[in-house]
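Here is the structure we will look at, set down as structure tokens.
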Amino acid sequence: MPQPFRRRLPPLLALRAFETFGRTGTVRAAADELAVSHTVVSRHIQNLESAIGVKLVQKSGRGLSLTREGKRYAGQLSRALDLIASATGELWGGSSDALHICCMAGLASRRLLARLPEIERFLGGREIILQPISARPDFSQGEVDAEINYLEYPNFPPDLRGEIVYRPRILSVASPAFSEVHPHLRTADDLVKLPLLHERSTRQWENWLEHAGVVNIPPLKGPKLWHGHLAVEAARLGQGVALVSDLMAGEMLATGELTEVCRADVRLGAYYFIAPARRWNDPAIMALRDWLHGFVQQCIVEPLVTPSQ
């Protein structure tokens with residue numbers, strides 16, 4: 001009588017801990033990602049070595065590094081877990097054919113939401129799942145196909161690939177009514193005297209003022225609204241001056257909802273298209289990138305050539 005097929009698998013928790021260590025490079029980083037203590041990660045790695053009888057890590061200074069066998073095994077495990085995550089992501093997404101896009105909330109609601117039918121037509125009728133986000137998504141779970149985000153200091157791990165879609169000009173904007181109350185506003189130095197609208201901290205405004213030529217920046221005050229689209233909405237309601245990219249501001253400037261209060265050619269970061277490196281050349285991912293580049297070109301506000309006076 002034939003024996004039933006049985007896979008010889010080490011403890012799955014140990015496999016996951018070792019793969020995370022191999023991908024992140026340190027026990028502490030692996031522990032942070034898995035939300036456990038570093039001693040738990042170390043114990044899982046020791047248990048895995050005992051289960052398979054092969055040395056996977058070695059002492060390296062004050063930490064651990066992969067052995068030659070460990071590097072090869074970690075890479076194979078990453079590919080295997082990617083397959084599991086991808087299969088699970090298809091179930092979570094509700095359709096194996098759907099393209100799950102994570103996008104910063106303001107860009108998703110003000111720019112992409114109205115254009116979903118256009119994007120789906122461009123992708124040959126493929127269904128789109130658009131998820132607004134305020135933090136970077138976790139691609140390792142397999143539930144995200146692409147990300148569109150604004151980043152000042154991007155740092156992509158080896159399993160992700162990013163491409164600049166557009167490096168915008170960052171505008172200082174306010175409502176027409178607010179601008180009428182402050183008719184003598186001319187230079188970036190004048191802005192520090194006004195109510196400024198911040199996101200999580202005053203850092204972005206400080207960075208912008210420095211790039212605009214302000215030498216002595218005093219402590220900045222004003223409400224902290226945590227999200228860029230809330231700061232822009234507060235500016236539209238006449239509560240102060242906000243910072244916004246020209247990509248986001250174009251329609252509101254054209255309709256007169258906002259005005260640019262101090263013209264300056266300041267560019268602090270860029271919009272990036274991000275996707276798993278292994279899927280970078282998938283037809284749907286490539287088509288989405290092509291659509292995004294074309295869309296951005298339609299939205300660009302006229303370039304500024306004269307610096308603030």
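Starting from 1, each residue takes its place in the sequence as its number. Being a predicted model, the structure only gives us computed values, none of them experimental.
The pair Arg279-Asp145 counts as a salt bridge, with a side-chain nitrogen and a carboxylate oxygen less than 4.0 angstrom apart. Between Glu260 and Arg263 a salt bridge is recorded (basic side-chain N to carboxylate O distance below 4.0 Å). Between Glu33 and Arg23 there is a salt bridge, since a side-chain N of the basic residue sits under 4.0 Å from a carboxylate O of the acidic one. A salt bridge between Arg203 and Glu152 is present, with a side-chain N of the basic residue lying under 4.0 Å from a carboxylate O of the acidic one.
Outside the 6.0 Å centre-distance limit, the rings of Tyr150 and Tyr272 are not counted as a close aromatic pair.
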_Does Ile285 form a side chain to side chain contact (heavy atoms under 4.5 Å, CB included) with Leu99? I'd like the steps, not just the answer._
CA-CA 9 Å; Ile285 298 296; Leu99 198 67; 4.1 Å; yes
*Step by step, would you call Arg236 with Glu233 a salt bridge (charged side-chain N to carboxylate O under 4.0 Å, His left out)?*
CA-CA 5 Å; Arg236 193 182 67 82; Glu233 181 64 13; 2.6 Å; yes
*Between Leu209 and Leu191, is a side chain to side chain contact (heavy atoms under 4.5 Å, CB included) present by the stated rule, with each step listed?*
CA-CA 9 Å; Leu209 290 167; Leu191 285 172; 4.3 Å; yes
_Working note: Ile148 + Met104, criterion side chain to side chain contact (heavy atoms under 4.5 Å, CB included); need CA distance, chi angles, decisive distance, verdict._
CA-CA 7 Å; Ile148 305 169; Met104 52 193 302; over 6 Å; no
*Would His100 and Gln131 count as a side chain to side chain contact (heavy atoms under 4.5 Å, CB included) if you check the C-alpha gap in whole Å, the side-chain angles of each, and the deciding distance to 0.1 Å?*
CA-CA 7 Å; His100 190 150; Gln131 179 183 349; 2.8 Å; yes
*Take Glu163 and His293 through the side-chain hydrogen bond (donor to acceptor under 3.5 Å, both in side chains) test and state the conclusion after the steps.*
CA-CA 11 Å; Glu163 174 181 279; His293 280 287; 2.7 Å; yes
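A cation-pi contact links Arg289 to Trp280, judged by a cut-off of 6.0 Å to the six-membered ring centre and 45° from its axis.
Between Met252 and Arg110, some side-chain heavy-atom pair lies under the 4.5 Å cut-off. Here the side chains of Asn207 and His211 are in contact, with some heavy-atom distance below 4.5 Å. Contact check for Leu171 versus Leu253: side-chain heavy atoms found under the 4.5 Å cut-off. In this structure the side chain of Arg169 reaches within 4.5 angstrom of the side chain of Asp265, judged on heavy atoms. Side-chain contact check for Val244 versus Ile170: every heavy-atom pair is 4.5 Å or farther apart. Looking at heavy atoms from C-beta onward, Ile119 lies out of side-chain contact with Leu130 at the 4.5 angstrom threshold. Within the 4.5 Å cutoff, the side chain of Phe295 has no heavy atoms near those of the Asp290 side chain. Inter-residue side-chain proximity for Tyr271 and Leu292 is flagged as unmet; no heavy-atom pair is nearer than 4.5 Å.
Summarising the geometry, atom CZ belonging to Phe156 is positioned 7.5 Å from atom CD belonging to Glu147; distances are rounded to the nearest 0.5 Å. The distance from atom CG of Leu196 to atom CH2 of Trp205, rounded to the nearest 0.5 Å, is 5.0 Å. For the atom pair Met248 CE and Ser109 OG, the distance stands at 6.0 Å (nearest 0.5 Å). Distance check: Ile129 CD1 to Arg126 CZ gives 10.0 Å after rounding to the nearest 0.5 Å. Note that OG of Ser50 and CD1 of Ile45 are 12.0 Å apart. Values are rounded to the nearest 0.5 Å. Rounded to the nearest 0.5 angstrom, Glu257 CD and Thr259 OG1 are separated by 11.5 Å.
Using modelled atom types and a 3.5 Å distance limit, the side chains of Gln58 and Thr67 yield no donor-acceptor pair.
Residues Val173 and Leu243 share a single hydrophobic cluster, defined by chaining ILVMFWY side chains whose heavy atoms lie under 4.5 Å apart. Residues Leu34 and Leu81 do not share a hydrophobic cluster, clusters being chains of Ile/Leu/Val/Met/Phe/Trp/Tyr side chains in contact below 4.5 Å. Residue Val57 is grouped with residue Leu77 when hydrophobic side chains (ILVMFWY) are merged at heavy-atom distances under 4.5 angstrom, including chains of intermediate members. Leu12 and Val40 fall within the same hydrophobic cluster, where Ile, Leu, Val, Met, Phe, Trp and Tyr residues are linked whenever their side-chain heavy atoms come under 4.5 Å apart, directly or through other members. One hydrophobic cluster holds both Val54 and Tyr73 under the rule that ILVMFWY side chains link at heavy-atom gaps under 4.5 Å.
A pairwise comparison of heavy atoms in Gly240 and Ala174 identifies O-CB, 3.7 Å as the closest pair. Considering all non-hydrogen atoms of both residues, Ser172 and Val241 come closest at CB-CG1, 4.0 Å. Nearest approach of Leu197 to Ala235, heavy atoms of both residues: CD1-N, 3.3 Å. Across all their heavy atoms, Ala275 and Phe139 have their closest contact at CA-CE2, 4.2 Å. Contact detail for Phe273 and Ala146: the closest heavy-atom pair is CZ-CB, 3.7 Å. Taking each heavy atom of Ala17 and His44 in turn, the nearest pair found is CB-CB, 3.6 Å.
The aromatic rings of Phe21 and Phe18 are tilted relative to each other, their planes meeting at an angle between 30° and 60°.
Using modelled atom types, one side-chain atom of Ser175 and one backbone atom of Phe178 make a donor-acceptor pair closer than 3.5 Å. No side-chain donor-acceptor contact under 3.5 Å links Glu206 to the backbone of Pro218. Between the side chain of Glu49 and the main chain of Leu56, a donor-acceptor pair closer than 3.5 Å is present. For Ser65 (side chain) and Ser60 (main-chain N/O), no donor-acceptor pair under 3.5 Å exists by modelled atom type. Without hydrogens or angle criteria, Arg267 side chain to Arg167 main chain gives a donor-acceptor distance under 3.5 Å. Side chain of Thr202 to main chain of His198: no donor-acceptor pair is present (N/O by atom type, distance under 3.5 Å, no hydrogens or angles).
Within 6.0 Å of CZ in Arg136 there are more than 12 heavy atoms belonging to other residues, nucleotides or ligands. Heavy-atom contacts from other residues, nucleotides or ligands closer than 6.0 Å to NE2 of His182 number more than 12. Around NZ of Lys71, the count of heavy atoms belonging to other residues, nucleotides or ligands within 6.0 Å does not exceed 12.
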